[in-house]
Amino acid sequence: MREGWLDKSWRFAETGKLQALRLTRSPFDRRHGMASLLLDTAGASPFEPPLRIRYLAEAEARALHDRLAAAMDAAPTRARTAA
């Protein structure tokens, strides 16, 4: 994901490191048919802003949320591999 207007930055997240995923809609988003995805990854710095994908069409955001949730469910966890 790319952020920033003046100071552009790139952030990457591996699907295997996703721990939490949330679909949010602000009043602005609801008015314009949009949504945002908030992603939390293992090993993320607590001092960096959360990884978010903003201004997606609501249907696209829900589809991406479902795909990422399925990838999170399919990813092996340490508890599963240790057993």
Problem set entry | Backbone N/O of A70 and side chain of D73: donor-acceptor pair under 3.5 Å |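 A pair under 3.5 Å: no.
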
Exercise. Can any side-chain N or O of R22 pair as donor or acceptor with the backbone N or O of L39 at less than 3.5 Å?
Worked result: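 Not confirmed, R22 side chain does not pair with L39 backbone.
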
Could you measure the distance from the [atom1] atom of [X] to the [atom2] atom of [Y]? Nearest 0.5 Å is fine.
| X | Y | atom1 | atom2 | result |
| --- | --- | --- | --- | --- |
| R62 | R25 | CZ | CZ | 6.5 Å |
| L38 | I53 | CG | CD1 | 9.5 Å |
| L64 | L23 | CG | CG | 9.5 Å |
| M34 | R54 | CE | CZ | 11.0 Å |
| S36 | H65 | OG | NE2 | 12.5 Å |

For this session: Kindly determine whether L37 and L21 satisfy side-chain contact (heavy atoms from CB on, under 4.5 Å), including the steps that lead there.
Result: CA-CA 7 Å; L37 282 176; L21 180 63; 4.3 Å; yes

Problem set entry | Nearest heavy atoms of L18 and M72, plus distance in Å |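 Shortest heavy-atom separation between L18 and M72 comes out as CB-CG, 3.6 Å.
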
